[in-house]
Amino acid sequence: MSKADRCKSICIASIDGKPVAIGAIKTKTSTDFTDTKADLPQLEKEFSWELGYLYTDPDFQRSKNSSEYCSNINPSFWK
């Protein structure tokens, strides 16, 4: 199974028809909750999904593409 197959949703942002940024709602990374990272093991079971795989073409960085993507995620995606 590819990374894309494990995603609940993938967004590709384009400007003038050219893809410039990508992001996805993907299965959570359980190790992110461990004591060596976030140190929040009690919250691990409360999440199934996380935002990830964000990438912006270097020519379009600092143009708020990923920020725009994140701010427009429909809350129903997290259920």
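This one's a predicted model, so the numbers in the text were calculated from it and none came from an experiment. All heavy atoms count here, side chains included; hydrogens, waters and symmetry mates do not.
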With a cut-off of 3.5 Å and sequence neighbours excluded, list every side-chain donor-acceptor pair involving residues 19-26.
from: K26; atom 1: NZ; to: T29; atom 2: OG1; distance (Å): 3.1
from: K26; atom 1: NZ; to: E50; atom 2: OE2; distance (Å): 2.6

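- When every heavy atom of P41 is checked against every heavy atom of D39, the shortest pair comes out as CD-C, 3.3 Å.
- Closest approach of D59 and D57 over heavy atoms only: N-OD1, 2.7 Å.
- Summarising the hydrophobic clusters (Ile, Leu, Val, Met, Phe, Trp, Tyr; side-chain heavy atoms under 4.5 Å, direct or chained), the residues clustered with L40 are F33, L43, F47.
- Expressed to the nearest 0.5 Å, how far NZ of K18 lies from CD1 of I12 amounts to 14.0 Å.
- Taking every heavy atom of both residues into account, T27 and W49 meet most closely at N-CE3, 3.7 Å.
- Scanning for side chain to side chain contact (heavy atoms under 4.5 Å, CB included) contacts around D16 gives an empty result, with sequence neighbours left out.
- Residues T56 and Q61 bring no donor and acceptor atom of their side chains to less than 3.5 Å of each other.
- Judged as a ring pair (Phe, Tyr, Trp, His ring centres under 6.0 Å), and not counting sequence neighbours, Y53 has no contacts.
- For the salt bridge (charged side-chain N to carboxylate O under 4.0 Å, His left out) test, no residue two or more places apart in sequence or in another chain qualifies with K3.
- Considering only residues two or more places apart in sequence or on other chains, K37 meets the salt bridge (charged side-chain N to carboxylate O under 4.0 Å, His left out) condition with D32.
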